[in-house]
Each structure stands twice: as structure tokens, then as C-alpha cells.
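Hydrogens, waters and symmetry mates are skipped; everything else that's a heavy atom, side chains included, is used. Quick caveat: nothing in here was measured; it's all calculated off a predicted structure.
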2 protein chains.
Amino acid sequence: MEGRINRIKKQLHAQKYKLTPQREATVRVLLENEQDHLSAEDVYLLVKEKAPEIGLATVYRTLELLTELKVVDKINFGDGVSRYDLRQEGANHFHHHLVCIECGAVDEIQEDLLGDVEKLVERRWHFKVKDHRLTFHGICHRCLEKREAENRQDHENELEHEVEKV
Amino acid sequence: MEGRINRIKKQLHAQKYKLTPQREATVRVLLENEQDHLSAEDVYLLVKEKAPEIGLATVYRTLELLTELKVVDKINFGDGVSRYDLRQEGANHFHHHLVCIECGAVDEIQEDLLGDVEKLVERRWHFKVKDHRLTFHGICHRCLEKREAENRQDHENELEHEVEKV
DNA sequence: CCCGATTTGATAAGGATTATAATTCTTCTG
DNA sequence: CAGAAGAATTATAATCCTTATCAAATCGGG
């Protein structure tokens, strides 16, 4: 964690920016919630716990700055708010997302699934790919399993019923 | 075009909605600008040309309705506004986009490039895919060609220079 | 042609983000 | 170590996009 913060610090310095306490607190919140997809408001509330004097505008500015440095990616799942998602260190592609239309959960896929597709796009459409965004909408494994369990239950009840009737 | 409007009309009726003149005018604008990615405001201004009395709220409501019916898809390219993109008729997947980071152009890929990837996701992550969003960010063929032309030009000038020097 | 339900238009309200301006912090310099 | 220039911060106002509200208009069935 400390190492990672130091490296971000260096990235900032390389562009003549400082790692102020507010910026550091914001980065820490992002690191501590790496799996989440926090909105600016979410980040603000979490940062406030460690640094109550911070202002909302500063959080917005910091997130913008981190986006510029490609430390985070700004994403949008269609609700009205932008969310900020930490990049894997050193990753040159943005990870993918699985959005559940039933429970709203957002899972991540770190692996790059698009290598071949990108090559195809570059060749066929003569388009130099620099980055991508890929999100699947569907039903997550938790909701699928819940459904299966319910179906099994229903089936068992049905059988019991049959037995009673005999 | 008329046929397509009729089919949309039927889709509306199937859900007890009417194809009012305002809705029809909105759909026509979308059909006439099929390759574009219009914002609600854009649509509003275009509809106003044919039906000056229409209100902005109606356009928003109609676009929401069309999104619900999967006639259009609501997308977001990271600028602050939602854009509305007509689906291919009968397509069960949403087409992909190529966003140029140099000139801002947005091109479409109608082909489905994700068949195999979706199968993999379903198997490996146990996630039932219903839809997807795929956008590539990079440099479009027009900008690439412009660059190449410039490089050729530069190179020719260099050669001329060499000759002069001799 | 009338009635109940739907849809509309104008505008207010809401929510997210950005701009502004005064203040505080840093860092540099002498 | 004081003073000054510049960067960053805070609080808040302003802006922009979208949604909610509600009276008025419209539509389709009887």
C-alpha cells in the first residue's frame, strides 16, 4: 500500500503536482475500496471520516487529476453518476465489468478478453486502439444460484405434494 | 422507413402505448439520423424543425420509452450527456463503437465481435449475458491517414532539403 | 359526441459537477 | 527567518442535464 502511494506520488511529481494530505487521503480511500465502484459522493463521505475538513470540490478535483494520470478510470453505468475505478498497476488496458440487472452488483474481470478482437478491429477498420470499455449486462452467479436453489426447492415441494396425495 | 415506423407503432401498441404525432416526429428524427449519436437536446432541436410546438420534456419521455422498448439504446461517452442510438432492427445485441480521441468522431461496428467472449464469460464466471457495451478508444482511420500523409510530406521535404544542400 | 385515461407542454425542482473567489499552505529567496 | 509568489483548498454559487409536477389538450371506445 505504501509502495503504491509512493509510486502515485512520483507520477504526480512528474507532472508538477503535489501529493497534498487531502489527495493522499483520497488515494487511500480508493486503495482501501479497490473492488468497489465509488461515486464522487461516496469517496467524499469516506475521506471525511479520516479528514473531516476536506471539501467536496477537492475530491472532485483530485478524482479528475487521478483520471488524467490514468491512476483511476471514470466510468458510468447508466445511473446518473460517474464512478471511479482504480486501474491495475501497470495495466495498459482497462478491466471489464459484469453488471447484474437483478441485484445491481458490479463484478470485475481483470483478464484481457479482447486481444484478438482488438487486432481484428485494427486491421479491418484501420483504427489504432488505445483503450477500451467493455461491460456485460446480465445475471450474476449469485442470482443464478439463488434461482437454481429456488427451483430445486419448488421441485421438492411438488414431490412431497404428490406423496401426500397418494 | 414507413415500414419501420409501422413496426415501432405495433411495438408501442403491444404495451398499450400510443404513437402520438410527437412520438412519431421523434422517431423520424432518429431514423433520419441513424448514424449519429444524438443527445436529447440534439433530438429536441431537430424535432422542433418539423413540430415546433413540442416540449423538451416530451422528447425526454419519448426517448425513455423507446429505450424501454429497446428501439434505441442510451449511451454515454463520458461527456456529461446521454446519447441515443437506434438499434439495428431485430438485433439482439447492441453494436459497438469506435471513439476517436483525436477528432472526437464516433463510428459504429454493427457486427457482433463478442460471440466467443460471451460464451467464455458465461462458462468461466457463471454469468448469464443479456447485453453488452463495447467501446474502443483510439485513433480513427481518417486521422491515421491524415498523419500518414503528413509524414510522407515531411519526408519529401527532407529529401528536397538534402538535394539543396548538395 | 362524451368520458376516462393518456399524453403533453411549461416550468419548477432535483442532483451532479464545475466555476469562483477568498483564504491557507508551500516553497523559494534573499 | 520574514516576505512573496504560486499552488491548493474550502465554501458556496452557478450551471447543466434530467426528472417531477400539474393543468390543459388529445385520443379512443361506447
Side-chain angles (χ1 to χ4, degrees), chain A residues 8-9 11-30 37-69 71-85, chain B residues 8-29 37-69 71-85:
Chain A
I8 291 172
K9 189 172 182 175
Q11 280 185 268
L12 282 164
H13 287 167
Q15 315 266 333
K16 312 278 172 242
Y17 295 120
K18 299 168 195 169
L19 183 63
T20 62
Q22 290 92 336
R23 287 176 184 166
E24 185 174 333
T26 305
V27 171
R28 278 181 193 281
V29 163
L30 291 172
H37 302 86
L38 304 173
S39 67
E41 186 87 28
D42 295 337
V43 174
Y44 173 60
L45 293 173
L46 289 168
V47 175
K48 267 211 137 166
E49 291 174 12
K50 12 182 92 167
E53 75 291 354
I54 201 170
L56 178 58
T58 302
V59 171
Y60 270 102
R61 274 185 304 244
T62 303
L63 290 170
E64 195 189 341
L65 186 57
L66 293 173
T67 304
E68 196 186 309
L69 294 177
V71 170
V72 301
D73 277 291
K74 191 175 178 180
I75 47 178
N76 199 300
F77 291 126
D79 52 349
V81 297
S82 294
R83 298 178 177 280
Y84 297 85
D85 205 351
Chain B
I8 292 172
K9 189 171 181 175
K10 278 185 197 135
Q11 278 185 270
L12 282 164
H13 287 165
Q15 314 267 334
K16 311 281 173 241
Y17 294 121
K18 300 167 192 170
L19 182 62
T20 63
Q22 291 90 336
R23 286 176 184 166
E24 184 174 333
T26 306
V27 170
R28 279 182 192 280
V29 163
H37 301 85
L38 303 174
S39 68
E41 186 87 28
D42 295 337
V43 174
Y44 173 60
L45 293 174
L46 289 168
V47 175
K48 267 210 138 168
E49 291 174 11
K50 12 181 95 168
E53 74 292 354
I54 201 169
L56 178 58
T58 302
V59 171
Y60 270 101
R61 277 185 301 239
T62 302
L63 290 171
E64 194 189 342
L65 186 57
L66 294 172
T67 304
E68 197 185 310
L69 294 178
V71 171
V72 302
D73 276 291
K74 192 174 176 179
I75 47 176
N76 200 300
F77 290 127
D79 52 350
V81 296
S82 293
R83 297 178 179 278
Y84 298 84
D85 206 350

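- Backbone-only engagement by A/T20 is indicated by non-hydrogen atom pairs under 4.0 Å involving sugar-phosphate atoms exclusively.
- Residue B/Q22 places no side-chain N or O under 4.0 Å from the OP1 or OP2 atom of D/dT26.
- Across the protein-nucleic acid pair, B/R61 atom CZ and D/dT26 atom P stand 15 Å apart, rounded to whole Å.
- For A/K18, whose side chain is taken as the heavy atoms from C-beta onward, the closest listed nucleotide among C/dT26, C/dT17, C/dT11 is C/dT26.
- Ranking D/dT18, D/dA8, C/dA10 by closeness to the B/A40 side chain, first place goes to D/dT18.
- For the pair B/L56 CG and C/dA12 C1', the computed distance is 13 Å after rounding to whole Å.
- The distance from atom OH of A/Y60 to atom C1' of D/dA8 is 19 Å, rounded to the nearest whole Å.
- When rounded to the nearest whole Å, the span between CG of B/D42 and P of D/dC16 equals 15 Å.
- Residue contacts shown for B/S82 are limited to sugar-phosphate atoms, with no base heavy atom under 4.0 Å away.
- For the pair B/K16 and B/Y44, both in contact range of DNA chain C, the more 5′-proximal nearest nucleotide belongs to B/K16.
- Summarising the geometry, the separation between CD on A/E64 and C1' on C/dA16 is reported as 14 Å, rounded to the nearest angstrom.
- With rounding to the nearest 0.5 Å, the separation of CZ in A/R83 from CG in A/L63 is 12.5 Å.
- Put simply, OG1 on B/T67 and CD on B/E64 are 7.5 Å apart, with the number rounded to the nearest 0.5 Å.
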Next item on the list: With side chain to side chain contact (heavy atoms under 4.5 Å, CB included) as the test, would you mind laying out the steps for B/L66 and B/Y84 before giving the verdict?
Entry: CA-CA 9 Å; B/L66 294 172; B/Y84 298 84; over 6 Å; no

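- Rounded to whole angstrom, the span from the CG atom of A/L19 across to the C1' atom of C/dT27 amounts to 16 Å.
- The CD1 atom of B/I75 sits 17 Å away from the C1' atom of D/dC17 (whole-angstrom rounding).
- Taking side-chain N and O atoms only, B/T58 has a distance below 4.0 Å to OP1 or OP2 of C/dG9.
- Per the geometry, NZ belonging to A/K48 stands 14 Å off C1' belonging to D/dT9, to the nearest Å.
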Margin query: Using the rule given for side-chain hydrogen bond (donor to acceptor under 3.5 Å, both in side chains), can you reason through A/R23 versus A/T26, listing the C-alpha separation, both sets of side-chain angles and the distance that settles it, and then say yes or no?
Written below: CA-CA 5 Å; A/R23 287 176 184 166; A/T26 305; over 6 Å; no

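- Heavy atoms of B/E53 sit under 4.0 angstrom from primed sugar atoms or phosphate atoms, though from no base atom.
- With D/dC27, D/dT18, C/dA16 as the choices, the nucleotide that has an atom nearest any side-chain atom of A/V81 turns out to be C/dA16.
- Counting heavy atoms from C-beta on, the side chains of A/I8 and A/L69 never come closer than 4.5 Å.
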